[in-house]
K.L.:
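For reference, the structure I am asking about is given below.
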Amino acid sequence: MSRRPDILDEFTAEHRAVEELLARIEAAGPGQPSEPSPTPATTPATTGTAGATDETGAARAPAEAPEAAPGPGSAGSEAPPGLPDEPVGLLTDLLFSHCAAEEEHLFPVVQHDVPDGGALVFQCIHDHLAIGQYLADLQALPPGDPTSGTLLNGLTELLRRHLATEERQLYPAARKALPPGARAALAERLRATREEVARNLGGASPDGVSASG
C-alpha cells in the first residue's frame, strides 16, 4: 500500500497548482477570458498563521520573523478587475490557503528543528507578505487599468522565485531534519484542520490542493 503524502508532498502539490494557474493567466493575458479547466481535487483552506505547536504540543513561533499579516487575499475576495477572472480568483484563494497553512503547520517546526531554520522562515514570511501586497494592489485597480499587467508580471516573478526558494532550500532542509513519522504527522494535522474548516463551512468548496488524489 502506498504511503500517504507527507506535509512537504502536500505543499509541493500546491506549488504545481500555483504554476498551472500562472500559466493560464499568462496565456490569456490581461483582460482576456481564459479557458476553464477542471479544478484539482482540493482540501479546505486553513486560516492559521505562524505559531502552531509541535508533535509534543509545545508552542512554537518564529522568534525573529516579522509579524504575520493577513494572508494574501481571502476566500471571498473578487478577482482583480481587468484580469482573467477565473484563474486569478483561484490563484488568490489557493495562495491564501497555502501561505496560511505553511505558517501554521510547517514554519514553526522548521524554526525549531532545522539548522538556520529561522533565517529560512524569515525569508519565506517576507515573501508571503509581498505576495499579499501584490494581490491587494491588483484588486484595488479599476477595470482596464494598464498597471494590472505590470503588477501581474511582478507577482508572477515573485511567486516563481519564492516557490524555487522553498523547494530548493526550505523543503530539503525540513526533509533532512524531520523524520518521516514527523512529516506524516504534520500532514495528518493539516488534513484534519482543513476537514474541520470544511465542516464548519457546511461543505463549502475548499481552496487547498491535496497531493493524495
Side-chain angles (χ1 to χ4, degrees), residues 5-27 40 42 45-52 61-62 64-75 77 79-80 83 87-111 114 116-139 148-178 183 186 190 207-211:
D6 67 23
I7 189 76
L8 302 176
D9 297 327
E10 293 284 358
F11 289 145
T12 300
E14 292 180 352
H15 283 188
R16 301 288 80 77
V18 168
E19 290 175 340
E20 178 184 345
L21 288 169
L22 289 176
R24 290 174 57 192
I25 293 170
E26 288 181 321
T42 58
T46 61
T47 56
T49 57
E64 301 296 331
E67 180 179 357
S74 64
S77 59
L83 294 174
V88 171
L90 291 173
L91 180 65
T92 298
D93 291 347
L94 176 55
L95 289 172
F96 172 78
S97 170
H98 176 77
C99 292
E102 283 189 330
E103 291 174 18
E104 179 177 359
H105 296 280
L106 181 62
F107 289 179
V109 182
V110 171
Q111 169 81 11
V114 173
D116 297 322
L120 288 170
V121 167
F122 185 95
Q123 179 179 355
C124 290
I125 290 181
H126 184 273
D127 286 349
H128 285 185
L129 296 174
I131 290 166
Q133 186 62 58
Y134 267 112
L135 292 173
D137 290 345
L138 282 165
Q139 290 173 323
S148 62
T150 301
L151 287 174
L152 187 58
N153 288 339
L155 173 62
T156 299
E157 180 179 350
L158 170 60
L159 281 171
R160 288 185 170 142
R161 177 180 58 78
H162 174 67
L163 301 189
T165 296
E166 290 195 333
E167 292 184 24
R168 296 172 185 173
Q169 299 181 37
L170 183 73
Y171 293 178
R175 193 175 297 279
K176 181 178 180 180
L178 301 175
R183 299 196 306 269
L186 287 169
L190 171 65
D207 300 313
V209 174
S210 174

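This is a predicted model, so every value here is computed, not measured.
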K.L.:
Between atom CG of L91 and atom CD of E20, what is the distance when rounded to the nearest 0.5 Å?
P.N.:
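Rounded to the nearest 0.5 Å, the CG-CD separation comes out at 11.0 Å.
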K.L.:
Given side chain to side chain contact (heavy atoms under 4.5 Å, CB included), test L106 with L8 step by step and report yes or no.
P.N.:
CA-CA 9 Å; L106 181 62; L8 302 176; 4.1 Å; yes
K.L.:
Could you check whether atom CD of E167 has more than 12 heavy atoms from other residues, nucleotides or ligands sitting under 6.0 Å from it?
P.N.:
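Yes, because the 6.0 Å sphere around CD of E167 holds more than 12 heavy atoms from other groups.
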K.L.:
How many angstroms lie between atom OG of S148 and atom CD of Q139, to the nearest 0.5 angstrom?
P.N.:
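So the OG of S148 and the CD of Q139 are separated by 13.0 Å.
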K.L.:
For D127 and H162, which heavy atoms make the closest approach, and how far apart are they?
P.N.:
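Heavy atoms of D127 and H162 come nearest at OD2-ND1, 2.9 Å.
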K.L.:
Any side-chain heavy atom of L190 sitting closer than 4.5 Å to one from E10?
P.N.:
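In short, these two side chains touch, coming nearer than 4.5 Å.
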K.L.:
Please answer whether the main-chain N or O of D93 pairs with a side-chain N or O of S97 as donor and acceptor at a distance below 3.5 Å.
P.N.:
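No, because the side chain of S97 does not come within donor-acceptor range (under 3.5 Å) of the backbone of D93.
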K.L.:
Please work out whether the ring planes of F107 and H128 are parallel, tilted or perpendicular, with thresholds of 30° and 60°.
P.N.:
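F107 and H128: parallel rings.
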K.L.:
My understanding is that only residues two or more places apart in sequence, or in another chain, count here; which of them pass side-chain hydrogen bond (donor to acceptor under 3.5 Å, both in side chains) with R175?
P.N.:
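Applying side-chain hydrogen bond (donor to acceptor under 3.5 Å, both in side chains) to R175 gives D6.
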K.L.:
Does L21 reach the side chain of V88, with side-chain heavy atoms less than 4.5 Å apart?
P.N.:
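L21 vs V88: side chains apart.
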K.L.:
Just how far is it from atom CG of L155 to atom CG of D137, taken to the nearest 0.5 Å?
P.N.:
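Reported to 0.5 Å precision, the distance equals 10.0 Å.
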K.L.:
Can you give me the closest heavy-atom contact between L151 and L138, atom names plus distance?
P.N.:
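Heavy-atom minimum between the residues: CB-CD2, 3.5 Å.
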K.L.:
Can you name the residues that form a ring-ring contact (aromatic ring centres under 6.0 Å, His included) with Y134, not counting sequence neighbours?
P.N.:
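With sequence neighbours excluded, Y134 shows a ring-ring contact (aromatic ring centres under 6.0 Å, His included) to no residue whatsoever.
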K.L.:
Does the side chain of E166 reach to within under 4.5 Å of the side chain of T12, using non-hydrogen atoms?
P.N.:
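In short, these two side chains do not touch, never coming nearer than 4.5 Å.
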K.L.:
May I ask you to decide if the ring planes of Y171 and H15 are parallel, tilted or perpendicular, using 30° and 60° as cut-offs?
P.N.:
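Rings of Y171 and H15: parallel, as their planes differ by under 30°.
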K.L.:
Quick check for you: to the nearest 0.5 Å, what is the distance between L120 atom CG and L170 atom CG?
P.N.:
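It is 5.5 Å, given to the nearest 0.5 Å.
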K.L.:
Any chance you could lay out the side chain to side chain contact (heavy atoms under 4.5 Å, CB included) test for L152 and E26, step after step, and finish with the verdict?
P.N.:
CA-CA 9 Å; L152 187 58; E26 288 181 321; over 6 Å; no
K.L.:
For a salt bridge (Lys or Arg N to Asp or Glu O under 4.0 Å) check, start with the C-alpha distance between D9 and R183, then their side-chain angles and the critical distance, and finish with the verdict.
P.N.:
CA-CA 9 Å; D9 297 327; R183 299 196 306 269; over 6 Å; no
K.L.:
The criterion is side-chain hydrogen bond (donor to acceptor under 3.5 Å, both in side chains); which residues satisfy it with Q123, sequence neighbours excluded?
P.N.:
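Testing Q123 for side-chain hydrogen bond (donor to acceptor under 3.5 Å, both in side chains), a comparison that skips the adjacent residues, returns none.
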K.L.:
Looking at R24 and E19, does any basic side-chain N land under 4.0 Å from a carboxylate oxygen?
P.N.:
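Between E19 and R24 there is no salt bridge, as every charged N stays at least 4.0 Å from the carboxylate O atoms.
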K.L.:
Taking all non-hydrogen atoms of both residues, which atom of V114 and which atom of A177 are closest, and how far apart?
P.N.:
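Minimum heavy-atom contact is CG2-CB, 3.8 Å.
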K.L.:
Quick one: do C124 and E102 satisfy side chain to side chain contact (heavy atoms under 4.5 Å, CB included)? Show the steps, please.
P.N.:
CA-CA 9 Å; C124 290; E102 283 189 330; 5.7 Å; no
K.L.:
Determine whether L95 and I131 make a side-chain contact, defined as any pair of heavy atoms from C-beta on separated by less than 4.5 Å.
P.N.:
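Of all side-chain heavy-atom pairs linking I131 with L95, at least one is under 4.5 Å.
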K.L.:
Please give me the minimum heavy-atom distance between L158 and R161, naming the atom from each residue.
P.N.:
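Scanning both residues, the minimum pair turns out to be CD1-NH2, 2.8 Å.
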K.L.:
Taking side chain as C-beta onward, heavy atoms only, is I125 less than 4.5 Å from V121?
P.N.:
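SC-SC contact between I125 and V121 confirmed.
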